[in-house]
Amino acid sequence: MRRYLVVANQTLGGDQLVAAIRERMAAGPSHFHLLVPATAAAELDAEYLARVNEADRPAATPGTEGLDRREARQLLEDELDEVDHAESSEDLGRRLARERLAHELAHLRGLGADVSGEVGVSDPVEAVGVVLHRWEFDEIILSTLPGRSSRWLARDLPSRIRRVCRLPVTTVTGPSAPAT
């Protein structure tokens, strides 16, 4: 079975990425692990943020400052199980990443994919490193916005991940997927 690490945020669920996943599914048994770096809301594409319904945003209240590492890790792990919880002090970008992940996991499972996923830290290279410390993959699929609208391409993320991880990296570009 081939294992793929799929790294995406605003493009998660986009047609180009889903096509790349379907291609690999057609090639034989495969498992996909979705990694959604929790990009801070201030760094998200303005067009993407404009599509997020203001009414769906929970009010922010303090609560997670000062957590120790074990408590923080438990909160991250709980995100996989408690998709509908509203951790009121979490950044809008993290909450959107968590919601998008839950939606795309359900969508890909509906297509017959063997898939798991998590929300990672905001730095994509660091997030990939954390995941690679726990699991092995045959390929990384990096999905990003096209051209000038992509902070990931501007930072040469595909090459940086390839150098650090020593795995094949396929870059898929496309517009931000509709907000869930």
Item to complete: Could you tell me whether the side chain of R162 and the main chain of V169 form a donor-acceptor pair under 3.5 Å?
Response: yes
Item to complete: Could you walk me through whether R134 and E118 pass salt bridge (charged side-chain N to carboxylate O under 4.0 Å, His left out), step by step?
Response: CA-CA 12 Å; R134 294 187 310 236; E118 65 188 274; 2.4 Å; yes
Discussion item. S150 vs T144, test: side chain to side chain donor-acceptor pair (under 3.5 Å). Steps then yes/no.
Written reply: CA-CA 6 Å; S150 174; T144 184; 2.6 Å; yes
Response to the item:
Output for pair (E136 CD, L167 CG), nearest 0.5 Å, gives 9.0 Å
Worksheet item: What distance do Q16 atom CD and I21 atom CD1 have between them, rounded to the nearest 0.5 Å?
Response: 12.0 Å
Practice prompt. With sequence neighbours left out, write down each residue that passes side-chain hydrogen bond (donor to acceptor under 3.5 Å, both in side chains) with S122, or none if nothing qualifies.
Written response: none
Worksheet entry | Salt bridge present between E104 and R100 (N-O < 4.0 angstrom) | no
Discussion item. Please determine whether a side-chain nitrogen of the Lys or Arg among R94 and E99 lies less than 4.0 Å from a carboxylate oxygen of the Asp or Glu.
Written reply: no
Heavy-atom side-chain proximity of [X] to [Y] below 4.5 angstrom:
| X | Y | answer |
| --- | --- | --- |
| T170 | I140 | no |
| V164 | V128 | no |
| P175 | Q10 | no |
| L145 | T173 | no |
| V18 | H107 | yes |

[X]-[Y] co-clustered via ILVMFWY side chain contacts under 4.5 Å:
| X | Y | value |
| --- | --- | --- |
| I141 | L111 | yes |
| L101 | V131 | no |
| V119 | L12 | yes |
| V115 | V7 | no |

Nearest heavy atoms of [X] and [Y], plus distance in Å:
| X | Y | answer |
| --- | --- | --- |
| L153 | T171 | CD2-CG2, 4.4 Å |
| W152 | S143 | CZ3-O, 3.4 Å |
| F137 | L5 | CD2-N, 3.4 Å |
| T11 | G174 | CG2-O, 3.3 Å |
| P37 | N9 | O-ND2, 2.7 Å |
| L132 | C165 | CD1-SG, 3.2 Å |

Fill in: Step-by-step side chain to side chain contact (heavy atoms under 4.5 Å, CB included) determination, D114 to R3
CA-CA 10 Å; D114 178 15; R3 296 183 49 83; over 6 Å; no
Item to complete: Check the pair V6 / L35 against side chain to side chain contact (heavy atoms under 4.5 Å, CB included), numbers first and verdict last.
Response: CA-CA 6 Å; V6 179; L35 171 62; over 6 Å; no
Worksheet item: Tell me, which pairs form a salt bridge (charged side-chain N to carboxylate O under 4.0 Å, His left out) where one or both residues lie in residues 5-28, sequence neighbours left out?
Response: R24-E139
Discussion item. Test: ring-ring contact (aromatic ring centres under 6.0 Å, His included). Region: residues 2-34. Which pairs qualify, not counting sequence neighbours?
Written reply: Y4-F32, H33-W135
